[in-house]
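Working notes, structure below.
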Amino acid sequence: MTSLGLFALVLALATLTGLFNARILRLPLTIGVLLLSLVVSVGLSVADWVLPLHTVHALQTLLTQIDLPTTLMEGALAFLLFAGAQGVDLGALFARKFSVLALALLGTLLAVVVFAAGACGIFTLVGLNVPLAWCVVLGAILAPTDPVSVVGMLRRLGLPAQVQALFAGESLFNDGVGVVIFTVALEVAHHAHPVSALRLAEAFTTEVGGGLLVGLVGGWLARKAFALSQDPQLDLLISLTLCTGTYSLCTAWGLSGPIATVTAGLCMAAPATQRRITEQGRKNLHVFWELVDEVLNAMLFALIGFQVLALSFSRALVVAAALAIPLAIIARLLSVLLATLPVYLRGQDRMGVLAVLTWGGLRGGISISLALGLPESPMRAPLLAVCYCVVVFTILVQGLTIAPVVRKFHPS
């Protein structure tokens, strides 16, 4: 099947599940699409087991053709991060810059450590031999919250602007940090390379710092280009160039593409840049990037739902996944608490913010893509199964119950 055919098929699946959700379930679009995709996948698996028609095998082949890790990490992610950055309140974000940095850097690292330690105990308990190094890889996969899930969710909730900025800022930046940790941890686990604090610091400095620099330079160049342009269509081309260019350059140079794209998106959303764009151009850009965000979200969550067909489970894996879900929540709670304790708001409702940040720590496409991108080894199946169950739980359960949590701690 051609690339256009695959795109059309995924778009059709997202459209059909979206229509059913809009008419029957009336859940948030991405959650409804994921839930229906899961139901269809499970139904096809049962039907194929009762009456073998090789439907599941055909869909597994199709999923291999789509290659979700490449599709997301080298394609859709740049657009999703850039679109998400457009909706961030920069004033509120800079007012909470230390908290955002603490959550994105220290919080992500703490989440990896806590989850890895707990996962090592869980695998031992159920009789699976998963070394600590691979548990660290799993912790890195599940540590970052997913901006695809979180930023879209924020739009539906009446959170105070400062809490929204804290939430969105962390989710937009910590995926880049998580990918850096994942890369180093995978190198250690898969190739048995020793790693030092110096190696980790070097990776962070090069990838994260380099990504920030590329994003800032790209944002500055885009601001100059917007000043020269008085054409709304040209404004759109400039934004697309900024989004794809920063991500592609960083990928080619071994830097953090996600960090660069978020930084560039924030630069474009800055008032100094917006003043250089025509009024019609600002309207067109808002509509375009909102549309890109919604379409790619729906397609991505449809793919995540059908990825269950590519997994295999045993009794030990089911128990491990069930235990990993509360572990992921505990790791999120401790990482948020310990990361923000030294810098967070004084004299305000810390417990309320802690509860919302913890329960709203959804994982999504980035975690699934990292897990699917694991090299072939005996460790791939258990890590992928546990990752998938945690991701689905956070999206379906936490995503559907975050609104009551917000209303309890932040009544409007």
Side-chain angles (χ1 to χ4, degrees), residues 69 72-73 77 81 99-123 130 132-151 166-189 195 200 203-204 207-208 211 256 258-259 262 320-321 323-340 354 357-374 379 382-384 386-395 398:
L72 179 64
M73 301 303 290
L77 184 60
L81 291 174
S99 295
V100 171
L101 286 173
L103 285 168
L105 296 174
L106 180 58
T108 304
L109 186 58
L110 286 169
V112 172
V113 171
V114 173
F115 189 89
C120 191
I122 288 173
F123 285 127
V130 179
L132 178 60
W134 283 102
C135 292
V136 174
V137 172
L138 181 59
I141 290 172
L142 289 170
T145 54
D146 187 15
V148 175
S149 308
V150 175
V151 176
L166 184 63
F167 225 140
E170 180 212 3
S171 66
L172 287 169
F173 280 109
N174 69 2
D175 61 297
V177 176
V179 171
V180 174
I181 299 174
F182 169 80
T183 303
V184 176
L186 184 60
E187 180 182 332
V188 175
V195 67
L200 188 59
F204 264 90
E207 296 193 33
V208 176
S256 176
I259 295 291
V262 170
L323 294 174
I325 290 171
L327 173 62
I329 298 172
I330 293 170
R332 172 67 178 171
L333 171 64
L334 291 176
S335 65
V336 171
L337 176 63
L338 296 175
T340 59
L354 178 63
L357 284 173
T358 299
W359 198 247
L362 277 61
R363 282 73 163 183
I366 293 174
S367 295
I368 294 292
S369 292
L370 291 176
L372 287 170
L374 288 169
M379 300 298 106
L383 265 60
L384 183 55
V386 170
C387 169
Y388 193 88
C389 291
V390 171
V391 168
V392 169
F393 178 88
T394 63
I395 295 173
Q398 293 177 222

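Counting begins at 1 with the first residue of the sequence. Only heavy atoms go into these numbers, but all of them, side chains included; no hydrogens, no water, no symmetry mates. Since this is a predicted model, take the numbers as computed values, not measurements.
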task: May I ask you to test the D175-L81 pair for a side-chain heavy-atom distance under 4.5 Å?
output: yes
Any L138 side-chain heavy atom under 4.5 Å of F182 side chain: no
Considering all heavy atoms of both residues, which atom of [X] and which atom of [Y] are nearest to each other, and what is their separation?
{"X": "E207", "Y": "V180", "value": "OE1-CG2, 3.4 Å"}
{"X": "A324", "Y": "F115", "value": "O-CE1, 3.7 Å"}
{"X": "G176", "Y": "S256", "value": "CA-OG, 3.9 Å"}
{"X": "L384", "Y": "A371", "value": "CD1-CB, 3.5 Å"}
{"X": "V391", "Y": "S367", "value": "CG2-CB, 3.8 Å"}
{"X": "L166", "Y": "S99", "value": "CD1-CB, 3.3 Å"}

Separation of [Y] [atom2] from [X] [atom1] (nearest 0.5 Å):
{"X": "F393", "Y": "L362", "atom1": "CZ", "atom2": "CG", "value": "10.0 Å"}
{"X": "L383", "Y": "I141", "atom1": "CG", "atom2": "CD1", "value": "5.5 Å"}
{"X": "L354", "Y": "T340", "atom1": "CG", "atom2": "OG1", "value": "6.5 Å"}
{"X": "C387", "Y": "L374", "atom1": "SG", "atom2": "CG", "value": "8.5 Å"}
{"X": "I181", "Y": "L186", "atom1": "CD1", "atom2": "CG", "value": "13.5 Å"}
{"X": "L105", "Y": "F173", "atom1": "CG", "atom2": "CZ", "value": "10.0 Å"}

- line: By side-chain contact (heavy atoms from CB on, under 4.5 Å), A133 pairs with (sequence neighbours left out) A189
For residues 107-114, please give each side-chain donor-acceptor pair under 3.5 Å, one per line with the distance, not counting sequence neighbours.
unit_1, atom_1, unit_2, atom_2, d
T108, OG1, A104, O, 2.7

Name each donor-acceptor pair under 3.5 Å that joins a side chain in residues 328-338 to protein atoms two or more places apart or in another chain, with its distance.
unit_1, atom_1, unit_2, atom_2, d
R332, NE, L357, O, 3.0
R332, NH1, E170, OE2, 2.6
R332, NH2, E170, OE1, 3.0
R332, NH2, L357, O, 2.9
S335, OG, A331, O, 3.1
S335, OG, R332, O, 2.9

- prompt: Do S369 side-chain atoms and I366 backbone N/O form a donor-acceptor pair below 3.5 Å?
  reply: no
task: Evaluate side chain to side chain contact (heavy atoms under 4.5 Å, CB included) for L101 paired with L106, printing each intermediate quantity in order.
output: CA-CA 8 Å; L101 286 173; L106 180 58; over 6 Å; no
